[in-house]
Amino acid sequence: MLKILNERTYRRGQYSITTPLISCIAASNALPEDAQLAAFADRFLITMFVDPVGEDELPDLLRTGWRMNAGGEPSTPLDTATIAALHRAALAIDLSPVIESYAHLVRKMRLIGVTMSDRKIVKAQKLIAAAALLRGAAAAGPQDLWPITYLVQDKAQQAEASELLHAELQHSFNPVLSESVVHATYGPTAHAARLTTQATQLLDARPALATDRLYEIWLVRLETMLTRIDAAFAGDDMPQQLRVLRTSIKSVLDAPVAAPQAEAKVATATGPTFVAATSSVTPNVAQGPWGPKPPTGGG
């Protein structure tokens, strides 16, 4: 495998063949810890830790999974000519505006013990160039440095790097890979901004009627959002806008669910008799169907 990644050739004994490898994507439940596999792991430029699908994406997960089980058509892959054209365009991106900034980020990451080979640091410039290309720019800028976070192959260190580089990566932006940017720059500010957007959208999606079957689902999503906010920020650390949204969510969850008016139903069924029965009653005065009975006897 190492020879395929390095030289695009495969050899076994006397047998050798050139491989048409463009990119190599691998998945694993654990990263290799054996020192003898370090060179192999280092060939993978990007490391992304995949968490379970979030609650907002659950419907998409279920629909996609069902289509796959039913033998649905896979997405049409990019043809090799398009990939080659994108590769040439990325190599034409001017990186000179960010070389010093990139070197500064590498130095900061080394301070927290992140180990990156010279090979990986050099090749990572392709990621910056590709980010600029997808942004529609001819030269790389501060917006395109965010891929450096994905060079780290340790999950804890990757999270630490995103916090450490928060100031330098605060201007990160990419219209095509917006979610990747969020995860790469997952400092408190980016996290708060994302939670604020999601909480606002969730509150705006409130079903019109409490009797709607979707209303209960919406309340569960509100509870989950409240848990996520409280897990991310505590006390005075919570940004003001997010604090306001949290208060709104809490007020909705704490409000009693309006039960159907049983009394009104009875009144509708029995008419004025019910009104007389529930009105204030004068002591020792006999009541008739329409109110107090007139005195009897003696004219």
Side-chain angles (χ1 to χ4, degrees), residues 1-11 16-28 39-50 57 60 64 67-68 71-106 109 116-153 158 161-162 165 168-186 190:
M1 282 296 296
L2 191 59
K3 196 169 185 65
I4 292 175
L5 295 179
N6 278 342
E7 305 169 18
R8 301 298 194 265
T9 59
Y10 172 75
R11 176 175 297 171
S16 179
I17 187 174
T18 301
T19 64
L21 179 67
I22 296 176
S23 294
C24 182
I25 301 171
S28 175
F40 174 70
D42 190 61
R43 262 57 178 190
F44 290 91
L45 191 56
I46 297 174
T47 301
M48 300 189 74
F49 297 94
V50 183
E57 293 79 27
D60 289 337
T64 302
R67 282 199 304 269
M68 292 176 63
E73 290 296 324
S75 300
T76 303
L78 288 175
D79 58 83
T80 54
T82 300
I83 296 175
L86 288 170
H87 184 249
R88 289 192 299 271
L91 293 179
I93 295 293
D94 181 12
L95 291 182
S96 59
V98 297
I99 290 296
E100 289 298 328
S101 298
Y102 176 40
H104 172 67
L105 295 182
V106 172
M109 292 172 73
M116 291 187 294
S117 65
D118 292 346
R119 177 200 307 107
K120 176 167 285 192
I121 293 172
V122 171
K123 287 187 175 295
Q125 294 178 104
K126 291 183 177 180
L127 300 178
I128 299 172
L133 177 65
L134 293 177
R135 190 170 55 85
Q143 309 95 316
D144 308 310
L145 292 171
W146 56 269
I148 188 174
T149 304
Y150 293 115
L151 302 181
V152 184
Q153 290 191 320
Q158 193 174 100
S162 67
L165 306 178
E168 290 85 353
L169 300 180
Q170 61 180 321
H171 301 297
S172 299
F173 170 73
N174 194 282
V176 179
L177 302 174
S178 56
E179 283 296 310
S180 297
V181 173
V182 169
H183 288 290
T185 60
Y186 219 52

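At least one donor-acceptor pair closer than 3.5 Å links the side chain of Tyr150 to the backbone N or O of Ser180. At least one donor-acceptor pair closer than 3.5 Å links the side chain of Thr19 to the backbone N or O of Arg8. Side chain of Thr149 to backbone of Ala184: a donor-acceptor contact under 3.5 angstrom is found. Between the side chain of Gln125 and the backbone N or O of Leu95 there is no donor-acceptor pair closer than 3.5 Å. Within the 3.5 Å criterion, the main-chain N or O of His104 finds no donor-acceptor partner in the side chain of Glu168. Between the Lys120 side chain and the Phe44 main chain, a donor and an acceptor come within less than 3.5 Å of each other. With hydrogens and angles ignored, the 3.5 Å screen pairs no side-chain donor or acceptor of Gln143 with any backbone N or O of Phe173.
Taking each heavy atom of Met109 and Ala161 in turn, the nearest pair found is CE-CB, 4.3 Å. A pairwise comparison of heavy atoms in Ala90 and Ala129 identifies O-CB, 3.4 Å as the closest pair. In terms of heavy atoms, Thr47 sits closest to Gln158 at O-NE2, 3.1 Å. Closest non-hydrogen pair, Ala140 versus Pro97, comes out as O-CB, 3.5 Å. For Thr185 against Ser172, the heavy-atom pair with the smallest separation is CG2-OG, 3.6 Å. For the pair Ala132 and Ile93, the tightest heavy-atom approach, listed with the atom from each and the gap, is CB-CG2, 4.0 Å.
Here Asp144 contributes atom CG and Ser101 contributes atom OG; the two are 11.0 Å apart, rounded to the nearest 0.5 Å. To the nearest 0.5 angstrom, Leu177 atom CG is 5.5 Å from Leu134 atom CG. The structure places CG of Leu127 at 10.0 Å from CD1 of Ile148, a figure rounded to the nearest 0.5 Å. Interatomic distance, Met116 CE to Asp42 CG, rounded to the nearest 0.5 Å: 10.0 Å. To the nearest 0.5 Å, the span separating CD on Gln153 from CG on Leu45 amounts to 9.5 Å. To the nearest 0.5 angstrom, Leu86 atom CG is 11.0 Å from Leu91 atom CG.
Within 6.0 Å of CZ on Arg119 lie more than 12 heavy atoms contributed by other residues, nucleotides or ligands.
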Begin with the C-alpha distance, continue with both residues' side-chain angles, and end with the deciding distance and a verdict on side chain to side chain contact (heavy atoms under 4.5 Å, CB included) for Tyr102 and Ile121. CA-CA 9 Å; Tyr102 176 40; Ile121 293 172; 3.6 Å; yes
Determine whether Thr64 and Met68 satisfy the following criterion, side chain to side chain contact (heavy atoms under 4.5 Å, CB included), listing intermediate values before the conclusion. CA-CA 6 Å; Thr64 302; Met68 292 176 63; 4.2 Å; yes
